[in-house]
Amino acid sequence: MLTLDGERIIAKCPTTPHDLSIGFLNAIEAGGDKVGLTVEELLPKIDIIRYSTTVALNRLLQRQGPRIGLLTTEGHEDAILIGRGAQWTDGQRVAERRNIAVQNKPYPLIDRNLILGVKERVDSAGQIVRPLDEDDVREKLRLLMDRGARAIVVSLLWSFMNPAHEKRVRQIIREEYKEYHIGFVPVVLSSSVVSKLGEYERTMTAVLDAYLQRSMQNDIGATWDKLRDKGYRGAFLMIHNSGGSADIFKTPASRTFNGGPVAGLMGSAYFAKKLGFNNVIAGDVGGTSFDVALVVESSVRNYTFRPVIDKWMVNVTMMQTISVGAGGGSIASVSNGRITVGPRSAGSMPGPVCYDLGGTEPTVTDADVVLGYINPDTYYGGRMPLNRSLAAKAIDEKVARPLGISTEEAAALIRRVVDENMAGAIKREVHMRGYHPEDFVLFAFGGAGPTHMSGLRGDVPKAVVFPAAPVFCAMGSSIMDIVHMYEQSRRMVFMEPMSERLVVDREQFNATVSSLIRRAEADLRSEGLEVADAAYSLELDMLYGGQVNLKRASSPCLQISSDADAQAIYDEFEREFSEAFSPLVVNRPGGVFLDNFVLRVTVPTWKPDVAEYPLGAADPSPAQIGERKAYWPESKAWVSTPIYQFEQLQAGNVVTGPAVVEAELTTIVVPPGQKFAIDQHGLGILEALNPPPPRKRIGAQVAVAA
């Protein structure tokens, strides 16, 4: 997604897994071609590049990291190997968890002989009870290096309360292995990565950062170098899973996980507000996965506090999204007379059978081609012709014959199963949070989102397609502000049990916030940003006594200067807690405890506006580019179906199903009984021709005029 002089240009290129910088530069070149500029002419005109990547997760899955050495407090060497009680379920799908007999804890990223304890001890209040034995540190460090360590993680007990020992260990490592020596090693301190309670999660976050640092540095560094060589002099920002972006040199590897779906969520929130939608389901259908996130009452403040990355729980607060193995590349297979679609995926190489790149397993995209929805000659703007006969053969051999049905019925079944999988994910996410699908609209994006939105929206009454749907996450990243998040664990009594008096230690509260602000200002200055342009907001992790339900609530003030400030903070916590869990579980007599401070620093960036067009006639015939046979399960027959060009449809046009609307990089399927209308913003709206009446809700109040 290129925004140049207020105009948005869409371009998409295949991923190049062997060298991500090639695919990235190819996309920039494709965008430049659309405005008649070479890469060298285009890059000097650009101020900011925002980049979201899955390289960290890919390298982790492939186990392509260096040998890591871990220095921890003596006596706690086995903490990350023991893990948490249910660690064997981390990162497992429900079906895998049920088969307990074959489950094991994940194979550790660090060999046991590369975990050594050093003589030191800091207590839970940050007091040093055993001074650091520096000779012991040097001895253990040499032992780790002799055993092959090429990066060092330092994670000492309670270091987030007092990082003095961790910082001294780093100084010792620098004294022993200087920057100009061949044996120089990266060092990651757990207290610098995560200043929060939770020894296992804090250590694993630092381990993952160290494990991925070098590979990400090589991959992203190659992209940065090529951009500079071609004349780019602006900022290079990485998308963070916290909902913002930051300079590449200020981004830990753990902050890049799930950046793409979070960018889609933030883009959905921005455009939902502009379009007047309070509740939105962001549905991203890619090649391998279907990612779902919610915008509720124009807010995206739904967090995962201890997310699982691959198979390890970490202590990085991430925007909440869910992912299921359903996408265009999901493989369909039959076992014991039962069809399954996903989570196995053909990926981009060899990809679906119709790509004719060596794939043999039928996929969802193959089914869409066989059913006549995707035009093999115009796929990917005509730059990647598809082989329909190979797709039909694979579906016939692998699905139709084993089930005793026709090829088109098998293709329709594949499509129905994957649609139901995605619709089920939406239903679970919405209902589990206590909401109703009927109160939401669906933003369908990703390459396959518009193709499958008619089936995956389920009970959601309306689905919206953006012209930039195939690259919506990139468009979302283009409107994301520069955001830094700073967290500090600090256990404090906020409300006294039984008496319900607000007894928060104002001095300690204010000092904690002030220290976070100082860290933020230092980072902003180092990035060349104006501190005066930054907006600060504070969130607090709080809970009632006797409960385990922690709630992150926004604080109406940064400092507590009076009783009124403390009362305002509590009132906001109670309100948000009640909305999340229920007013019935508010437990004031149990007291309120503050666990964690979160300072969010935002530097606003330029954002595009939403265009408006005059509404014209409903007749879409000027945009019709032909007809072709398509199979519609509703009629169980091949029907001559009108084909429309999305870019030629005008505001006010209404396409009635069955129909297919083709765009440059995606296809919109309009089944019988549904309509696809272009609104005043140029967006496509899919909804039922005759929507069902609203469901009666239990306890609803009905007022009748006399």
Side-chain angles (χ1 to χ4, degrees), residues 83-87 89-90 124-125 158 160-161 194-202 205 242 294 296-297 299-308 313-322 428-435 485 487-506 508-509 512-513 537-557 560 563-600 699:
R84 295 171 65 90
Q87 188 190 20
T89 67
D90 290 345
S124 61
W158 298 103
F160 65 93
M161 293 296 295
V194 180
S195 296
K196 291 172 63 179
L197 182 69
E199 182 185 3
Y200 166 67
E201 296 93 335
R202 176 166 49 86
T205 306
S242 59
L294 300 185
V296 180
E297 294 297 329
S299 172
V300 294
R301 286 198 315 106
N302 291 297
Y303 299 104
T304 301
F305 294 106
R306 285 182 167 84
V308 175
M313 186 177 291
V314 297
N315 215 341
V316 175
T317 301
M318 293 168 48
M319 289 286 182
Q320 186 170 351
T321 66
I322 65 166
R428 287 192 299 274
E429 182 70 357
V430 173
H431 283 305
M432 288 294 286
R433 293 207 204 169
Y435 306 120
M485 289 184 69
E487 300 190 47
Q488 178 66 58
S489 284
R490 190 79 68 191
R491 190 67 185 264
M492 301 171 63
V493 179
F494 199 92
M495 175 185 283
E496 189 177 61
M498 303 308 293
S499 71
E500 301 183 17
R501 290 190 304 112
L502 298 177
V503 294
V504 58
D505 187 331
R506 297 181 189 177
Q508 188 180 36
F509 183 101
T512 302
V513 175
S537 61
L538 181 65
E539 296 177 341
L540 304 170
D541 293 342
M542 304 172 73
L543 73 161
Y544 284 104
Q547 296 187 3
V548 296
N549 291 324
L550 191 77
K551 181 69 181 79
R552 177 162 295 182
S554 58
S555 172
C557 49
I560 300 179
D563 292 343
D565 290 340
Q567 187 64 48
I569 291 174
Y570 170 75
D571 290 343
E572 181 62 21
F573 163 67
E574 182 178 301
R575 186 186 69 79
E576 294 190 26
F577 183 92
S578 300
E579 288 180 356
F581 301 109
S582 170
L584 300 177
V585 293
V586 169
N587 183 29
R588 294 171 65 113
V592 176
F593 298 88
L594 196 164
D595 256 17
N596 191 48
F597 292 76
V598 183
L599 181 72
R600 187 180 184 91

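Sequential numbering from 1 along the given sequence is applied to the chain's residues. Nothing here was measured: the structure is a model prediction, and the numbers come from that model. Basis for what follows: all heavy atoms, side chains included, without hydrogens, waters or symmetry-related copies.
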For Phe593 against Pro497, the heavy-atom pair lying closest together
CZ-CG, 4.4 Å

What I want to find out is whether Glu574 reaches Arg588 closely enough, with some N-O distance under 4.0 Å, to be called a salt bridge.
yes

Of Asp505, Leu502, Asp565, which is the lone residue that meets side chain to side chain contact (heavy atoms under 4.5 Å, CB included) with Ile560?
Asp565

Provide the closest heavy-atom pair for Val504 versus Ala566 in the form atom of the first, atom of the second, distance.
CG1-CB, 4.3 Å

Who are the ring-ring contact (aromatic ring centres under 6.0 Å, His included) partners of Phe577, not counting sequence neighbours?
Tyr544, Phe573, Phe581

Those residues at least two apart in sequence (or on a different chain) that pass side-chain contact (heavy atoms from CB on, under 4.5 Å) with Asp571 are Gln567

Run the ring-ring contact (aromatic ring centres under 6.0 Å, His included) test against Phe509 and tell me which residues pass, sequence neighbours left out.
Phe597

Using side-chain heavy atoms (C-beta onward) and a distance below 4.5 Å, is Phe160 in contact with Val194?
no

Kindly write out the residues that satisfy side-chain contact (heavy atoms from CB on, under 4.5 Å) with Met485, not counting sequence neighbours, or none if the list is empty.
Ser242, Arg255, Val483, Arg552, Val598, Arg600

Can you tell me how far apart OG1 (Thr512) and CZ (Arg490) are? Round to the nearest 0.5 Å.
4.5 Å

Sequence neighbours excluded, which residues qualify as side-chain contact (heavy atoms from CB on, under 4.5 Å) partners of Ala125?
Asp123, Gln127

For Asp595, the side-chain hydrogen bond (donor to acceptor under 3.5 Å, both in side chains) test, sequence neighbours excluded, returns Arg491

Below 4.5 Å, heavy atoms only, C-beta onward: do Ser554 and Glu572 meet side chain to side chain?
yes

Taking the side chain as everything from C-beta on, heavy atoms only, tell me whether Val503 gets closer than 4.5 Å to Phe494.
no

Shortest non-hydrogen contact between Asn315 and Leu197, atoms and distance:
ND2-O, 2.9 Å

Across all chains, not counting sequence neighbours, the side-chain contact (heavy atoms from CB on, under 4.5 Å) partners of Ser555 are Leu538, Leu540, Cys557, Ile569

Listed partners of Ser582 passing side-chain hydrogen bond (donor to acceptor under 3.5 Å, both in side chains), at least two apart:
none

Gln508: partners by side-chain hydrogen bond (donor to acceptor under 3.5 Å, both in side chains), with sequence neighbours left out
none

Those residues at least two apart in sequence (or on a different chain) that pass salt bridge (charged side-chain N to carboxylate O under 4.0 Å, His left out) with Glu429 are Arg433

Gap separating the CG atom of Leu599 from the OG atom of Ser537, nearest 0.5 angstrom
7.0 Å

